[in-house]
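See below for the structure under consideration.
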Amino acid sequence: MAGEIPQAQPPPAVPDPEPVRHPYLLLWRWRRNPLRRPSDRLRAWISLGLVLTVLVAAPAAMFGVGDSAYRHYRSTAEHETRTREHRPAVLTHDAPRHPEPGSDEAKKTRYPVPVRYTGPDGVTTTGTTEVEPGLPADSTVLVWVDDGGRITEAPLTTEQIRSRTMGWAILAFLGVVVTGLAVHAATGLLLHRRNLAQWDAAWAHTAPRWSRFP
């Protein structure tokens with residue numbers, strides 16, 4: 001119909017402006033800002049100091065602890081090699097049979113069985129060792145015996161020394177990192193509580209003037 005007034009249309013949608021990203025966001029506590037407090041700068045310097053400390057201390061702790069662990073386990077392996085030896089032992093009972101003979105699991109399974117063997121002093125004694133499933137009594141196996149005549153584990157291998165050393169080195173590295181994070185969190189909490197206390201004191205001084213009536 002001529003002369004009809006068209007319905008009002010909503011204004012075209014204007015996309016929100018993208019936030020301006022400061023290129024030095026990690027250094028924002030050092031930027032000039034009227035709202036920046038002394039505690040912000042203090043916290044920034046503490047964070048920087050902790051980062052530098054962790055970057056230096058973590059590798060140093062990893063290599064230091066790793067070297068000490070390697071020396072310890074290497075010395076232990078040499079001592080075990082000198083004081084332990086392989087000796088034949090005879091099963092006094094049949095070893096249990098695995099429910100699935102011939103399976104891969106059966107090949108890896110070991111059962112504790114009493115054995116009889118002769119110690120370094122020439123005395124025949126008995127003990128317990130782990131053997132393959134299904135071994136009959138009177139079968140002969142080799143066991144590791146220490147200088148006291150007790151059945152024990154085999155001396156540490158090179159692979160065991162390496163894995164244990166790496167484990168201690170990684171723990172030392174992570175320990176330094178976790179300590180740095182804990183110190184950073186603790187200092188941040190203390191500074192935050194200090195800021196809250198300062199705000200409370202400032203508000204207690206300002207609030208009475210705001211609440212006065214003319």
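Residue numbers start at 1 and run along the sequence shown. Computed from a predicted structure; not experimentally measured.
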In this structure, CG of Leu191 is separated from CD1 of Ile46 (nearest 0.5 Å) by 5.5 Å

For [X], salt bridge (charged side-chain N to carboxylate O under 4.0 Å, His left out) partners two or more places apart:
X	result
Arg150	Asp146
Glu159	Arg162
Arg74	Glu78
Arg87	Glu85

Taking only residues two or more places apart in sequence or in another chain, which ones pass side-chain contact (heavy atoms from CB on, under 4.5 Å) with [X]?
X	value
Ala169	Met62
Asp94	Pro136, Ala137
His79	Arg82, Thr83

Exercise for the section: Could you tell me whether Tyr111 atom OH has more than 12 heavy atoms of other residues or ligands within 6.0 Å of it? Expected result: yes

Salt bridge (Lys or Arg N to Asp or Glu O under 4.0 Å) pairs touching residues 45-72, sequence neighbours excluded, are Asp67-Arg71

Members sharing Val131's hydrophobic cluster, built from side-chain contacts under 4.5 Å between Ile, Leu, Val, Met, Phe, Trp and Tyr, are Leu91, Val113, Val115, Tyr117, Leu135, Val141, Val143, Val145, Ile151

So side-chain hydrogen bond (donor to acceptor under 3.5 Å, both in side chains) across residues 129-144, not counting sequence neighbours, yields His86-Trp144

For residues 166-186, the side-chain hydrogen bond (donor to acceptor under 3.5 Å, both in side chains) pairs (sequence neighbours left out) are Ser47-His184, Tyr73-Trp168

Checklist entry - Is the backbone N or O of Val65 less than 3.5 Å from a side-chain atom of Ser68, with the two atoms forming a donor-acceptor pair by type? => result no

Which atom pairs, donor and acceptor, lie under 3.5 Å between side-chain atoms of residues 102-109 and protein residues at least two apart or in another chain?
from, atom 1, to, atom 2, distance (Å)
Ser103, OG, Glu100, O, 2.7
Ser103, OG, Ala106, N, 3.2
Thr109, OG1, Glu105, O, 2.6

